[in-house]
Amino acid sequence: MVNQAFTVDLNKPLVFQVGHLGEAYEEWVHQPIVGKETPRFFASDIMEFFTRTAWWAIPLIWLPVVCWFVFTSAKIGLSPCELAATVVGGLFIWTLLEYSLHRFLFHIKTKGYWANTLHYLIHGCHHKHPMDGLRLVFPPAATLILLVPFWSLIKFLAPASYAPAIFGGGLLGYVMYDCTHYYLHHGKPLKGVSHDLKRYHMNHHFRIQNKGFGITSAFWDRVFGTLPPQSYQTSS
């Protein structure tokens with residue numbers, strides 16, 4: 001049962017309340033409130049602004065950055081075939097990162113005040129309010145902060161001519177992920193791959209939250225054995 005010693009007031013800013021739930025946070029955050037209303041996170045309007053992002057801002061901001069990095073590798077001297085293969089390689093790296101972040105960071109179990117608070121900001125809010133359209137994609141300011149160490153790591157590991165294209169491919173994968181994620185929640189696909197992906201992801205939210213960590217595909221769930229049981233995959 002949810003901790004009776006503390007009750008979250010949904011009419012007040014949420015972020016600094018959820019930490020008080022302690023061990024009960026895990027159960028509380030996985031009891032979704034299905035509605036398109038955007039809850040208040042912070043009392044500060046400035047902090048609140050940075051937690052709300054329209055989905056179209058992601059391609060608008062990051063696709064030009066993708067193009068710049070890919071063009072940089074082309075300018076250095078990669079052939080079109082090398083460039084395409086490197087971008088695809090970056091995309092593939094992203095798919096593993098997408099799965100790993102979702103499984104091992106976004107679904108880490110917490111119980112301390114600040115751990116609960118941080119988890120709620122990163123991913124818990126999405127499970128609590130899965131249809132909140134302004135908190136389905138990652139805020140650009142937070143993305144920028146995370147991109148700096150990733151770019152540094154790629155520059156360290158990869159040859160100078162390949163590093164920008166690898167990074168551009170990975171960033172393209174992120175853009176595809178965020179747009180796909182938004183569509184899976186708010187789009188209405190009737191059949192085909194998009195319909196199957198939507199059902200797969202909705203099962204993760206509402207039926208079996210410790211399985212099905214892939215968003216853009218179930219590939220890594222198959223590799224690492226985190227596919228939902230067959231009954232969840234075939235039922236609507």
Undergrad: Can you get from Tyr182 to Leu101 by hopping between Ile, Leu, Val, Met, Phe, Trp and Tyr side chains that sit under 4.5 Å apart?
TA: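 Tyr182 clusters together with Leu101.
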Undergrad: With side chains defined as the heavy atoms from C-beta onward, is the minimum distance between Arg199 and Asn203 less than 4.5 Å?
TA: yes
Undergrad: Ile145: which other cluster members, linking ILVMFWY side chains closer than 4.5 Å, directly or transitively?
TA: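 Result for Ile145 is none, singleton.
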Undergrad: To the nearest 0.5 Å, what is the distance between CD1 (Ile166) and OG (Ser73)?
TA: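 Nearest 0.5 Å value for the CD1-OG distance: 8.0 Å.
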Undergrad: Got a donor-acceptor contact below 3.5 angstrom from the Lys128 side chain to the Trp28 backbone?
TA: yes
Undergrad: Are Phe71 and Leu171 linked, directly or through other ILVMFWY residues, by side chains that come within less than 4.5 angstrom of each other?
TA: no
Undergrad: Check the pair Thr53 / Phe138 against side chain to side chain contact (heavy atoms under 4.5 Å, CB included), numbers first and verdict last.
TA: CA-CA 7 Å; Thr53 307; Phe138 214 60; over 6 Å; no
Undergrad: Considering all heavy atoms of both residues, which atom of Val65 and which atom of Ile61 are nearest to each other, and what is their separation?
TA: CG2-O, 3.6 Å
Undergrad: Take a 6.0 Å sphere around CZ of Phe49 and say whether it holds more than 12 heavy atoms from other residues, nucleotides or ligands.
TA: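 Incorrect, the count does not exceed 12.
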Undergrad: Taking atom CG of Leu197 and atom OG1 of Thr180, what is their separation to the nearest 0.5 Å?
TA: 7.5 Å
Undergrad: Looking just at side-chain N and O atoms, do Tyr174 and Asp178 make a donor-acceptor pair shorter than 3.5 Å?
TA: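 Per modelled atom types, Tyr174 and Asp178 side chains form a pair under 3.5 Å.
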Undergrad: Leu172 versus Leu63: any side-chain heavy-atom pair under 4.5 Å?
TA: yes
Undergrad: Answer yes or no: is there a side-chain heavy-atom contact under 4.5 Å between Leu157 and Tyr162?
TA: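 Sidechains of Tyr162 and Leu157: no contact.
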Undergrad: Please report the shortest heavy-atom distance between Ala165 and Leu83, naming the atom on each side.
TA: CB-CD1, 3.9 Å
Undergrad: Tell me, yes or no, whether the heavy-atom count around Phe50 atom CZ, taken from other residues, nucleotides or ligands under 6.0 Å, exceeds 12.
TA: no
Undergrad: Look at the rings of Trp220 and Phe92 and say which category their plane angle falls in: under 30° parallel, 30 to 60° tilted, over 60° perpendicular.
TA: tilted
Undergrad: With side chains defined as the heavy atoms from C-beta onward, is the minimum distance between Phe42 and Leu121 less than 4.5 Å?
TA: yes
Undergrad: When you measure from the side chain of Trp94 to the backbone of Gly170, do you find a donor-acceptor pair of N or O atoms at a distance under 3.5 Å?
TA: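 Side chain of Trp94 to backbone of Gly170, a donor-acceptor pair under 3.5 Å: no, none is there.
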Undergrad: Measuring only between side-chain heavy atoms, which start at C-beta, is Ile208 closer than 4.5 Å to Asn210?
TA: yes
Undergrad: Roughly how far, to the nearest 0.5 Å, is SG of Cys125 from CG of Leu14?
TA: 9.5 Å
Undergrad: Determine whether His30 and His107 make a side-chain contact, defined as any pair of heavy atoms from C-beta on separated by less than 4.5 Å.
TA: yes
Undergrad: Roughly how far apart are Phe167 CZ and Ile93 CD1, rounded to 0.5 Å?
TA: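 The CD1 atom of Ile93 is 12.0 Å from CZ of Phe167, to the nearest 0.5 Å.
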Undergrad: Take Tyr99 and Phe219 through the ring-ring contact (aromatic ring centres under 6.0 Å, His included) test and state the conclusion after the steps.
TA: CA-CA 9 Å; Tyr99 173 87; Phe219 175 77; 9.7 Å; no
Undergrad: Using only heavy-atom distances, determine whether the side chains of His201 and His185 contain a donor-acceptor pair under 3.5 Å.
TA: yes
Undergrad: Using modelled atom types only, decide if a donor and an acceptor are shared between the side chain of Glu98 and the backbone of Gly214 within a distance under 3.5 Å.
TA: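 Here the side-chain-to-backbone pair does not exist.
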Undergrad: Tell me whether the rings of His126 and His123 are parallel (<30°), tilted (30 to 60°) or perpendicular (>60°).
TA: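 Ring orientation, 0 to 90° scale: tilted.
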Undergrad: Hey, what do you get for CD1 (Ile215) to NE2 (His181), rounding to the nearest 0.5 Å?
TA: 5.0 Å
Undergrad: So, for Val66 and Gly168, which heavy atoms are closest and what is the spacing to 0.1 Å?
TA: CG1-O, 3.6 Å
Undergrad: Search all heavy atoms of Lys198 against all heavy atoms of Gly187 and return the closest pair with its distance.
TA: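 Here Lys198 and Gly187 meet closest at NZ-O, 3.2 Å.
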Undergrad: Is there a path of hydrophobic side-chain contacts, each under 4.5 Å between heavy atoms of I, L, V, M, F, W or Y residues, that connects Val15 with Leu10?
TA: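 Yes, because Val15 and Leu10 connect within a single hydrophobic cluster, where side-chain heavy atoms sit under 4.5 Å apart.
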Undergrad: Could you check whether the rings of Phe16 and Trp114 sit parallel, tilted or perpendicular, using 30° and 60° as the cut-offs?
TA: perpendicular
Undergrad: Is Trp68 reachable from Ile58 through a run of hydrophobic residues whose side-chain heavy atoms are each under 4.5 Å from the next?
TA: yes
Undergrad: For Ile108, what are the other residues in its hydrophobic cluster, where any two members join if their side-chain heavy atoms are less than 4.5 angstrom apart?
TA: none
Undergrad: Verify whether one side chain among Arg135 and Thr38 offers a donor that lies under 3.5 Å from an acceptor in the other.
TA: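 No, no side-chain donor-acceptor contact under 3.5 Å.
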Undergrad: Testing Glu23, Glu27, Glu26 for salt bridge (charged side-chain N to carboxylate O under 4.0 Å, His left out) with Lys109, which one passes?
TA: Glu26
Undergrad: Under 6.0 Å from the CD1 atom of Ile46, do we count more than 12 heavy atoms belonging to anything else shown?
TA: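 12 or below, so no.
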Undergrad: Are His204 and Tyr200 an aromatic pair by the rule of ring centers under 6.0 Å?
TA: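 No; Tyr200 has its ring centre 6.0 Å or more from that of His204.
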Undergrad: For the aromatic rings, using the six-membered ring if either is Trp, is the centroid distance between Trp151 and Phe69 under 6.0 Å?
TA: yes
Undergrad: Is any side-chain heavy atom of Asp132 less than 4.5 Å from a side-chain heavy atom of Leu136?
TA: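 No. Closest side-chain heavy atoms not under 4.5 Å.
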Undergrad: Are Leu96 and Phe104 grouped together when hydrophobic residues (ILVMFWY) are joined by side-chain heavy atoms under 4.5 angstrom apart?
TA: no
Undergrad: Please lay out, stage by stage, how Asp221 and Lys211 fare under the test side chain to side chain contact (heavy atoms under 4.5 Å, CB included).
TA: CA-CA 8 Å; Asp221 284 307; Lys211 301 287 184 183; over 6 Å; no
Undergrad: Linking directly or through intermediates, with side-chain heavy atoms under 4.5 Å: list the remaining ILVMFWY members grouped with Val88, chain and number order.
TA: none
Undergrad: Could you measure the distance from the CG atom of Asp196 to the OG atom of Ser194? Nearest 0.5 Å is fine.
TA: 8.0 Å
Undergrad: Could you go step by step and tell me if Tyr177 and Leu97 meet the side chain to side chain contact (heavy atoms under 4.5 Å, CB included) rule?
TA: CA-CA 11 Å; Tyr177 152 80; Leu97 187 60; over 6 Å; no
Undergrad: Could you walk me through whether Arg40 and Asp45 satisfy the salt bridge (Lys or Arg N to Asp or Glu O under 4.0 Å) test, starting with their C-alpha distance in whole Å, then the side-chain angles of each, then the deciding distance to 0.1 Å, before giving a yes or no?
TA: CA-CA 10 Å; Arg40 184 89 183 182; Asp45 289 338; 2.5 Å; yes
Undergrad: Is the ring pair Tyr120/Phe41 parallel, tilted or perpendicular, if the boundaries are 30 and 60 degrees?
TA: tilted
Undergrad: Looking only at the side chains, is there a donor atom on one of His127 and His119 sitting less than 3.5 Å from an acceptor on the other?
TA: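 Result is no, nothing qualifies.
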Undergrad: Using every non-hydrogen atom in the two residues, find where Asn116 and Lys111 come nearest and quote the distance to one decimal.
TA: OD1-N, 3.2 Å
Undergrad: Establish, yes or no, whether a centroid distance under 6.0 Å links the rings of Phe213 and Phe106.
TA: no
Undergrad: Do we see a donor-acceptor contact under 3.5 Å between the side chains of Ser79 and Glu82?
TA: yes
Undergrad: Does Phe156, at its CZ atom, have more than 12 non-hydrogen atoms belonging to other residues, nucleotides or ligands within less than 6.0 Å?
TA: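 Counting other residues, nucleotides and ligands, CZ of Phe156 stays at 12 neighbours or fewer.
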Undergrad: Do you know which two heavy atoms are closest between Leu91 and Met176, and how far apart they sit?
TA: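 Heavy atoms of Leu91 and Met176 come nearest at CD2-SD, 3.8 Å.
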Undergrad: Is the shortest side-chain heavy-atom distance between Val29 and Val18 below 4.5 Å?
TA: no
Undergrad: Between Thr51 and Glu48, is there a donor-acceptor pair closer than 3.5 Å when you use the side chain of the first and the backbone of the second?
TA: yes
